[in-house]
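Written out below as structure tokens is the structure these notes cover.
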Amino acid sequence: MDWGTELWDQFEVLERHTQWGLDLLDKYVKFVKERAEVEQAYAKQLRSLVKKYLPKRPTKDDPEVKFSQQQSFVQLLQEVNDFAGQRELVAESLGIRVCLELAKYSQEMKQERKMHFQEGRRAQQQLENGFKQLETSKRKFERDCREAEKAAHTAERLDQDINATKADVEKAKQQAHLRNHMAEESKNEYAAQLQRFNRDQAHFYFSQMPQIFDKLQDMDERRATRLGAGYGLLSEAELQVVPIIGKCLEGMKVAAESVDAKNDSQVLIELHKSGFARPGDLEFEDFSQVMSRVPSDSSLGTPDGRPELRAASSRSRPKRWPFGKKNKPRPPSLSLLGGHLPSTLSDGSLSPRSGRDPLAILSEISKSVKPRLASFRSLRGGRGTVVTEDFSHLPPEQQRKRLQQQLEERNRELQKEEDQREALKKMKDVYEKTPQMGDPASLEPRIAETLGNIERLKLEVQKYEAWLAEAESRVLSNRGDSLSRHSRPPDPPATAPPDSSSSSNSGSQDNKESSSEEPPSEEGQDTPIYTEFDEDFEEPASPIGQCVAIYHFEGSSEGTISMSEGEDLSLMEEDKGDGWTRVRRKQGGEGYVPTSYLQVTLN
């Protein structure tokens, strides 16, 4: 079935239908164009998103890249970037294969349709013109027939009229004969015109227009087929990238499964393990010890209430405690604390210009030497740390790793230089055997430069090996100290116990005499004031607290005393910062024991 046979009289319908088909083609082209723009914008936004979240600094400089979580995230971003690339391919394929080609085809279809309908309209115009000629000849024939009939009636009437002359009758007959002849000619012309019109009409409806309609049908069918192929290109463009998109999705899945929490924890340890030993316990320092020796809250001096400080001459024979400490670190002088020593008169009294109370000065000094707990910031260094070549500014473990990296890098450079030297030697041998290939002397500067680089790298390798050996020994030492701190009793203080040349049972007067035999102090005016007062007061005879021995201790050195684990002792003097505490046993006898071996309870 075709349009020329079944739709011979539906010229306007076919015109509207073919126009609708071309409009649908243009509509699909516009849809695909906007779809390609959407894909392009989607790909662009995906790439911008990936660029936003990708690491900004180089990969090897980023310590976070060693974590599997970060590696998986970067891999995920790369897969999304590849996915965006596939969306760009889809947009490009749609833009070229669908939009451009179908738009061009639509223009061709419009031109072909216009040509067919122009041909049909010309045929219709010719048929209408033939029909108009037929109608004209028909009306003329009709009019001539009426005139001939009228002329015949007139001639017959005159012929029967007795009053009419012969001339009038002849004239009427001639007129009737003329009208009959004209009517006959009109009849012949009408018949010819009718025959011509019927022939043209038959050709129009049975040959000319069916051919035009068949051409329009073929054109429309070709357009529909091409449109269907365009529909297929939309899915084909997607199917072409489906395998690669599937690989992208599979890569995302692999990235998600490659996250290793245990490995990340180990990486964090390797990156930030300092190698330092854990800090030991802080010792209790009783700053009220000095204050307990002060007779009153408002004065430190002679019984008459006049404050008195030792002059330089009186400090030439300093008095010491019975168990005075040797090599005890002194606190910073007042000049370092931003204060000034109170000036004294010739008799040793305070100068009126000094408006400061010695008690306040002692309190200020005690606050200035208060120990501080080392924070984690101090262990890892501040921002202003000076970077050294041996990485000694880093913690031991990190120093070892950085030295190991530098050593491996130097070894690679050394191997590269040695390979280059061997290649230059072989090239020089070839030049010597075959002079036309090159001058052997031209290679001497490069060989000398390579040898210099090799010597320099060897020295650097030796230097880094020495530093690495030192760092590894330090790491092992710190590791051993950290593991053994709580598995055995702490080591006694490295410093010797305070001076105990006199017996623990001797009186305070004997101790004062023995201590007065020490050589005079040669310290200047900046000697801390509380040290002089500390030497002037006598040791209280009563215990200041109780303590229990946590570990067994053999007092083998001078000034120490032995104790058993769990033994109850009397606390006679607290630790002054050197790690030793003076205690008294119930069986009698006083001496120093390590502070870390005791559990102290103050009164």
Side-chain angles (χ1 to χ4, degrees), residues 1-23 108-224:
M1 299 178 69
D2 52 19
W3 291 0
T5 303
E6 305 297 334
L7 300 176
W8 62 270
D9 57 346
Q10 300 296 329
F11 185 84
E12 289 79 7
V13 172
L14 294 180
E15 185 177 13
R16 290 195 301 271
H17 176 74
T18 52
Q19 183 62 41
W20 169 82
L22 292 175
D23 292 341
E108 295 176 357
M109 290 292 102
K110 290 178 181 179
Q111 293 295 330
E112 183 178 354
R113 175 182 176 278
K114 181 180 179 180
M115 181 185 65
H116 292 324
F117 278 100
Q118 286 178 350
E119 184 180 356
R121 287 191 178 90
R122 282 196 301 268
Q124 283 183 342
Q125 189 66 34
Q126 291 175 1
L127 184 62
E128 289 176 358
N129 292 335
F131 182 73
K132 288 180 181 179
Q133 291 177 1
L134 177 63
E135 288 294 328
T136 301
S137 62
K138 180 181 177 181
R139 283 193 300 269
K140 182 180 180 183
F141 173 60
E142 183 180 3
R143 185 175 63 253
D144 289 344
C145 286
R146 284 196 303 267
E147 292 293 336
E149 185 178 0
K150 183 179 178 180
H153 287 168
T154 301
E156 184 179 357
R157 183 174 55 79
L158 290 175
D159 187 37
Q160 293 177 1
D161 188 3
I162 58 173
N163 295 323
T165 61
K166 186 177 180 178
D168 293 335
V169 173
E170 287 296 330
K171 185 178 179 179
K173 288 182 179 179
Q174 291 179 358
Q175 187 69 25
H177 179 71
L178 179 62
R179 294 295 179 182
N180 286 332
H181 180 72
M182 291 177 65
E184 189 68 25
E185 288 181 356
S186 297
K187 179 181 178 181
N188 293 333
E189 184 180 357
Y190 171 65
Q193 191 68 30
L194 180 61
Q195 186 179 4
R196 187 184 305 113
F197 175 76
N198 289 334
R199 185 178 66 250
D200 293 342
Q201 181 175 263
H203 175 70
F204 177 81
Y205 285 111
F206 290 96
S207 177
Q208 190 175 13
M209 289 308 294
Q211 291 179 2
I212 294 174
F213 286 171
D214 289 342
K215 291 179 181 178
L216 288 174
Q217 181 181 1
D218 179 67
M219 181 201 73
D220 191 72
E221 289 177 353
R222 285 187 286 110
R223 177 201 57 78

M109 backbone acceptor or donor facing R223 side chain under 3.5 Å: no

Minimal heavy-atom distance between L127 and D200, with the atoms involved, is CD1-C, 4.0 Å

d(E108 CD, M219 CE) to nearest 0.5 Å is 12.0 Å

Inset, instruction - Just do the side-chain contact (heavy atoms from CB on, under 4.5 Å) check on H181 and E185 with the steps written out, would you? - result: CA-CA 6 Å; H181 180 72; E185 288 181 356; 2.7 Å; yes

For this session: Please examine the side chains of R139 and E135, heavy atoms only from C-beta on, and report whether any two atoms are closer than 4.5 Å.
Result: yes

Notebook entry, point to check: Is there side-chain contact between M182 and E147, with heavy atoms separated by less than 4.5 Å?
Noted result: no

Between A148 and A183 the two heavy atoms that sit nearest each other are CB-CB, 4.0 Å

Worksheet item: Taking the inter-plane angle between the rings of W8 and Y205 on a 0 to 90° scale, is it parallel (under 30°), tilted (30 to 60°) or perpendicular (over 60°)?
Response: perpendicular

Closest non-hydrogen contact found for Q193 with G130 is NE2-O, 3.7 Å

Worksheet entry | Criterion salt bridge (Lys or Arg N to Asp or Glu O under 4.0 Å) on R146 and E142, from CA distance to verdict | CA-CA 6 Å; R146 284 196 303 267; E142 183 180 3; 3.1 Å; yes

For this session: Decide if atom NZ of K138 counts as having more than 12 heavy atoms of other residues, nucleotides or ligands within a radius under 6.0 Å.
Result: no

Notebook entry, point to check: side-chain contact (heavy atoms from CB on, under 4.5 Å) between L158 and K171: does it pass, once the steps are laid out?
Noted result: CA-CA 10 Å; L158 290 175; K171 185 178 179 179; over 6 Å; no

When rounded to the nearest 0.5 Å, the distance separating OG1 of T136 from OH of Y190 is 11.5 Å

Can you check whether Q175 reaches R179 side chain to side chain, under 4.5 Å on heavy atoms?
yes

| Less than 4.5 Å apart, any side-chain heavy atom of V13 and any of L7? | no

Practice task
Report the C-alpha distance between E170 and Q174 in whole Å, list the side-chain angles of each, state the deciding distance to 0.1 Å, and finish with yes or no for side chain to side chain donor-acceptor pair (under 3.5 Å).
Solution key: CA-CA 6 Å; E170 287 296 330; Q174 291 179 358; 4.9 Å; no

Minimal heavy-atom distance between W3 and F213, with the atoms involved, is CE3-O, 3.6 Å

For A155 and A176 the tightest heavy-atom approach is CB-CB, 4.2 Å

Between the CD atom in E128 and the CD atom in Q126, the distance rounded to the nearest 0.5 Å is 11.0 Å

query = With a 4.5 Å limit on heavy-atom distance, are the side chains of L216 and D220 in contact?
reply = no

(message) So E15 and R121, do their side chains get closer than 4.5 Å, heavy atoms only?
(response) yes

| task | Determine, for D218 against R222, whether the closest basic-nitrogen to carboxylate-oxygen distance falls under 4.0 angstrom. | result | yes

Value for CD (Q124) from CZ (F117), rounded to nearest 0.5 Å, stands at 10.0 Å

Taken to the nearest 0.5 Å, the spacing of E149 CD from T154 OG1 works out to 10.5 Å

Here the gap from H116 atom NE2 to Q217 atom CD, rounded to the nearest 0.5 Å, amounts to 11.5 Å

(Q) Please tell me whether N180 and E184 have a donor and an acceptor in their side chains that are separated by less than 3.5 angstrom. (A) no

CD (E6) with more than 12 external heavy atoms under 6.0 Å: yes

